[in-house]
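What follows is one structure encoded as structure tokens, with my remarks underneath.
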Amino acid sequence: MTPSRSIGVTLPEGAAPIIRASLAADSLPVARWLLNKLVVRGSRVGRIVEVEAYRGENDPASHAYRGETPRNATMFGPPGLLYVYFTYGMYWCANVVCGDEGNARAVLLRALAPVAGLAEMQAARPTARRERDLCNGPAKLCQALGVRGTLDGADLVTGDSGIALADDGVLPPRRPGIGPRVGISAGVDLAWRFWVPGDPNVSTTPRVR
DNA sequence: CTTTGGATCGTCT
DNA sequence: GACGATCCAAAGG
């Protein structure tokens, strides 16, 4: 066995770091590729089961549509960064920046399947009654993992800020669920939301059959 | 199960 | 001054 190179978080048994080149592609293929990858945050681990692609300045639903601002600056950075934004006056949401630097492509993490650190997740989300309520929404998973604005710009490849992506060999679904993105008012005709079919942690809002 | 409305504040018009 | 890449509790079926 070749030991994996060490990164800034302790990876679960059998999981390896990801390489940055995996994220240096458009947000549509990267979104599908991210399904079933792991998010590692201290002892808390979740498997990505639902995502949405955003396509920078070409995408009317993207925060980057009207160009770079202090808020969205991380989206314009290199692939592998975490873009964290504050919304509705009280919630944080997290994206994986992908594509080439300056393109502002990103993939919104919409739901995780809890894998480890469930007690910590529950403590961070007292209102969750069932296990599938811990991470079945973009702001819920940030609460469960303790992701806040201080992690905006964190490098998910090196894990230097205490959060990283990892791959334990579970492949993305051959045929993901595909449907329109949630909670947007422009670009609603585009089917840029992807999920792991049948996973109980997929967010329940607008489901396409 | 579904629908509805309130909470709450940074960002950009 | 309006509007969110949301969540939750409450009320109705």
Side-chain angles (χ1 to χ4, degrees), chain A residues 23 26-28 30-32 34-35 39 46 48-77 79 81-99 103-114 121-154 156 176-196 198 200-209:
Chain A
L23 300 172
D26 184 73
S27 47
L28 288 168
V30 170
R32 292 180 185 79
L34 282 171
L35 290 176
V39 179
I48 299 170
V49 297
E50 183 185 356
V51 294
E52 284 175 358
Y54 286 86
R55 288 187 98 204
E57 297 176 280
N58 303 315
D59 178 1
S62 171
H63 290 168
Y65 185 51
R66 296 177 200 284
E68 184 172 348
T69 67
R71 180 205 199 193
N72 65 24
T74 297
M75 286 185 83
F76 289 81
L81 300 190
L82 187 70
Y83 166 50
V84 181
Y85 68 89
F86 186 64
T87 193
Y88 290 105
M90 58 192 118
Y91 296 117
W92 299 97
C93 294
N95 295 250
V96 177
V97 175
C98 59
N103 281 1
R105 303 295 158 98
V107 176
L108 173 69
L109 301 178
R110 280 202 60 92
L112 307 177
M121 292 182 185
Q122 177 67 59
R125 282 189 38 73
T127 59
R129 295 178 158 260
R130 307 164 299 181
E131 185 175 317
R132 64 177 176 271
D133 295 323
L134 289 172
C135 298
N136 64 344
K140 295 178 187 179
L141 69 90
C142 284
Q143 287 183 335
L145 296 181
V147 171
R148 316 178 47 198
T150 50
L151 283 177
D152 181 44
L156 295 167
I178 302 178
R181 296 173 291 182
V182 176
I184 55 171
S185 54
V188 291
D189 50 316
L190 303 170
W192 287 357
R193 174 184 180 224
F194 306 95
W195 63 89
V196 175
N201 299 281
V202 171
S203 69
T204 53
T205 27
R207 266 222 199 166
V208 177
R209 312 222 159 241

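Sequence lines set the chain letters: A, B, ... in the order given, protein chains first and strands last, and positions in each chain run from 1.
- Contact of the A/Leu141 side chain with the A/Arg125 side chain is not registered, since no non-hydrogen atoms from C-beta on lie closer than 4.5 Å.
- Heavy atoms of A/Arg129 sit nowhere under 4.0 angstrom from any nucleic acid atom.
- Proximity note for A/Arg125 (side chain, C-beta onward) versus B/dC12, C/dA5, C/dC7: the nearest is C/dC7.
- The side chain of A/Phe86 lies closest to B/dC9 when the candidates are B/dC9, C/dA9, C/dA5.
- Here C/dA5 presents its P atom at 11 Å from CZ of A/Arg110, a figure rounded to the nearest Å.
- Here B/dC9 presents its C1' atom at 11 Å from CH2 of A/Trp92, a figure rounded to the nearest Å.
- For A/Thr87 and C/dG4, the shortest distance from a side-chain N or O to OP1 or OP2 is not below 4.0 Å.
- Aromatic ring centroids of A/His63 and A/Tyr85 lie under 6.0 Å apart.
- Within 4.0 Å of A/Ala139, counting heavy atoms only, lie sugar-phosphate atoms of the nucleic acid but no base atom.
- Side-chain contact annotation: A/Ser62 with A/Glu57, donor-acceptor N/O pair under 3.5 Å absent.
- Straight-line distance from the CD atom of A/Glu68 to the C1' atom of B/dC12: 15 Å, rounded to whole Å.
- No side-chain heavy atom of A/Leu156 sits less than 4.5 Å from a side-chain heavy atom of A/Leu81.
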For side chain to side chain contact (heavy atoms under 4.5 Å, CB included), just list the numbers for A/Arg71 and A/Phe86, CA-CA rounded to whole Å, side-chain angles, deciding distance to a tenth of an Å, and then say yes or no. CA-CA 9 Å; A/Arg71 180 205 199 193; A/Phe86 186 64; over 6 Å; no
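- Between A/Lys140 and A/Asp133 no salt bridge is recorded (no basic side-chain N to carboxylate O distance below 4.0 Å).
- Residues A/Leu109 and A/Ile48 have side chains in contact (heavy-atom distance under 4.5 Å, counting atoms from C-beta outward).
- Across all strands shown, B/dT8 has no partner, as no Watson-Crick or G-U wobble contact with both distances under 3.5 Å is found.
- A/Ile184 comes within contact range of the sugar-phosphate backbone alone, with a heavy-atom separation under 4.0 Å but no base atom that close.
- Across B/dA7, C/dC7, C/dG4, the shortest atom-to-atom separation from the side chain of A/Met90 is found for B/dA7.
- Here the nucleotide nearest the side chain of A/Arg66, chosen from C/dC7, C/dA5, B/dT13, is B/dT13.
- Across residues 140-150 of chain A, A/Lys140 each have a non-hydrogen atom less than 4.0 Å from an atom of DNA chain C (numbered order).
- As judged by a 4.0 angstrom heavy-atom cut-off over every strand, A/Tyr91 is placed among the base-contacting residues.
- Going from atom OH of A/Tyr88 over to atom C1' of C/dC8 covers 14 Å, rounded to whole Å.
- Note on A/Arg193: every side-chain N or O is 4.0 Å or more away from OP1 and OP2 of C/dA5.
- As the counterpart of C/dA5, no nucleotide is assigned, since no Watson-Crick or G-U wobble pattern has both distances under 3.5 Å.
- Separating the OH atom of A/Tyr85 from the C1' atom of C/dG4 is a distance of 9 Å, rounded to the nearest angstrom.
- Between A/Glu52 atom CD and C/dG4 atom P there is a gap of 15 Å when expressed in whole angstrom units.
- No side-chain heavy atom of A/Asn201 sits less than 4.5 Å from a side-chain heavy atom of A/Cys135.
- The CE-P distance, from A/Met75 to B/dT11, rounds to 15 Å in whole Å.
- Using a 4.0 Å cut-off, no side-chain N or O of A/Thr127 falls inside it from OP1 or OP2 of C/dA9.
- A straight line from NE2 of A/His63 to C1' of C/dT6 spans 12 Å, rounded to a whole angstrom.
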